[in-house]
Protein chains: 2
Amino acid sequence: MGRRSDHTRPELREMIVSEGHRQISEVGFARFSAREVAKRIGYTIGTLYNVFGSYDQMLLAINGRTLDLWIAALEGRLEGLETGRLEAAIRAYFTFAVEHRHAWTALYDFRLPEGEPMPDYYREKVEAITGVIVREIAAALPEAHGEKARSLARSLLATVHGHCFFALNGTFALLGEEDPIARALDRVEDALARYEDG
Amino acid sequence: MGRRSDHTRPELREMIVSEGHRQISEVGFARFSAREVAKRIGYTIGTLYNVFGSYDQMLLAINGRTLDLWIAALEGRLEGLETGRLEAAIRAYFTFAVEHRHAWTALYDFRLPEGEPMPDYYREKVEAITGVIVREIAAALPEAHGEKARSLARSLLATVHGHCFFALNGTFALLGEEDPIARALDRVEDALARYEDG
DNA sequence: CCAGAAATTGAACGATGATCATTATTTTAA
DNA sequence: TTAAAATAATGATCATCGTTCAATTTCTGG
């Protein structure tokens, strides 16, 4: 078969990302198959390569979709909230990871070959996640500003990530920790309390 | 060829784990190949299955080797140290991860199929890593004891892990953080300071 | 010395990602 | 209107992977 134009380029792109995300959410990164994605949207493997150029770029697009959904989930949860915004953001962080186990894990399972740079569009999505936390940290610490707030936000993001990661991969269960979110919130509180003092 | 007895069962096991660890350290989890391991020790793929029963159990053994080396590196670094032991432990945590990038990352890239339980020997190694931190936390906080110290240690372990993970996977670089270890130490200090107060 | 046990092989299978000449379709321009 | 050029999609081909297991070879106990 040749040029069909059943779908425009952007439509096709969307179909692949959408189905790819569905796939990876269901079976996880390890069992993900590009061929299966192609089959399910009624195309063949070659077409995925035509559209994305490489497997890696396709996976990046799929992970990008996960980031989009994650950002939306965070923002959505905070919308209209007056108090407890930072805590809500952290809880939403966990909730998304738990509810999208496989897709969330794939974010970290997949890595570009060394040396290959992250595309800007992806970098921006990662920064958007951070941005949410930065904003809430800055709001929680009126006296903090600029780089100080950004630095603390990055670090607390890593803190929350570590707790979330251990919660999902079974490390916390293995170690007997039963309430990972509470522990993450403890650590954030520790940092804020200390900051307020000096 | 048949029963050769060039090597005893334990010898063979050691050869596979040793070469497997070398392999995964070099090329990483994604490019790891069991066939390649077999070839390099002068056996064939079937033999690996004879010895370990499954691919997963072999990988677990290889990751177990990484944990052994990690524990040894932590203990070795602390040996004879009188002061600054907790900080030294955390620095050693990072140092090992950086110096064994691929092997360390493989610890988290590989997961058993859902439902399959961790073998006890592996669980014990993970607990040994935690144990080091628990011990130093307990030493740093004389008034903390039992479950309180364990709980805090687990949480700080997750905190350090998050920072280490973001350092290695490029997230911190992307966000402009240049000194992940310092940030991890900040967070640990935050927790200890708060704990000492009440 | 031989029969049975044990260890090792490697061919076979079904997948995977990757490549690319071929073919079908559309678009363009004459 | 039609021929030529550009484009889209295919699917056969390749190298590799994990997995299985009958066949083969070697060892060992009697």
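Below, chains carry the letters A, B, ... as their sequence lines are ordered, and counting in each starts from 1.
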[atom1]/[X]: more than 12 non-hydrogen atoms of other groups inside 6.0 Å:
X	atom1	answer
A/R40	CZ	yes
A/R77	CZ	no
B/E178	CD	no

Is the shortest side-chain heavy-atom distance between [X] and [Y] below 4.5 Å?
X	Y	answer
B/R91	B/I181	yes
A/L74	A/F96	no
A/F52	A/L60	no

### Query
Aromatic rings B/F172 and B/H163: how do their planes relate, parallel, tilted or perpendicular, breaks at 30° and 60°?
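B/F172 vs B/H163 ring planes: tilted.
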Taking atom [atom2] of [N] as reference, at what distance in whole Å does atom [atom1] of [X] sit?
X	N	atom1	atom2	result
B/M58	D/dC17	CE	C1'	12 Å
B/Y49	C/dG10	OH	C1'	14 Å
A/F52	D/dA9	CZ	P	13 Å
B/L48	D/dC17	CG	P	12 Å
B/D56	D/dC17	CG	C1'	14 Å

### Query
Quick one, which residues of residues 12-31 of chain B touch DNA chain C with a heavy atom under 4.0 Å?
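Listed by number, they are B/L12.
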### Query
CD/B/Q23 to OG/B/S25 distance, rounded to the nearest 0.5 angstrom?
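Reported to 0.5 Å precision, the distance equals 9.5 Å.
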### Message
Is there, by distance only and without an angle test, a donor paired with an acceptor across the side chain of A/N50 and the base of D/dA9 below 3.5 Å?
### Response
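Such a pair exists between side chain and base.
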### Selection: residues 32-45 of chain A, any non-hydrogen atom under 4.0 Å of DNA chain D
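Heavy-atom cutoff 4.0 Å gives A/R35, A/G42, A/Y43, A/T44.
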### Task
Please identify each residue that fulfils side chain to side chain donor-acceptor pair (under 3.5 Å) with B/R135, with sequence neighbours left out.
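Here the qualifying residues are B/E75.
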### Task
Using heavy atoms to find the nearest nucleotide of DNA chain D for B/D6 and B/G46 separately, return the residue whose nucleotide is more 5′.
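Nearest nucleotide further toward 5': that of B/G46.
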### Query
Below 4.0 angstrom from OP1 or OP2 of D/dT7, is there any side-chain N or O of A/R4?
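No, because none of the side-chain N or O atoms of A/R4 sits under 4.0 Å from OP1 or OP2 of D/dT7.
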### Query
At under 4.0 Å between heavy atoms, what does B/T47 touch on the DNA or RNA strands: base, sugar-phosphate, or nothing?
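Answer is base: heavy atoms of B/T47 come under 4.0 Å of a base.
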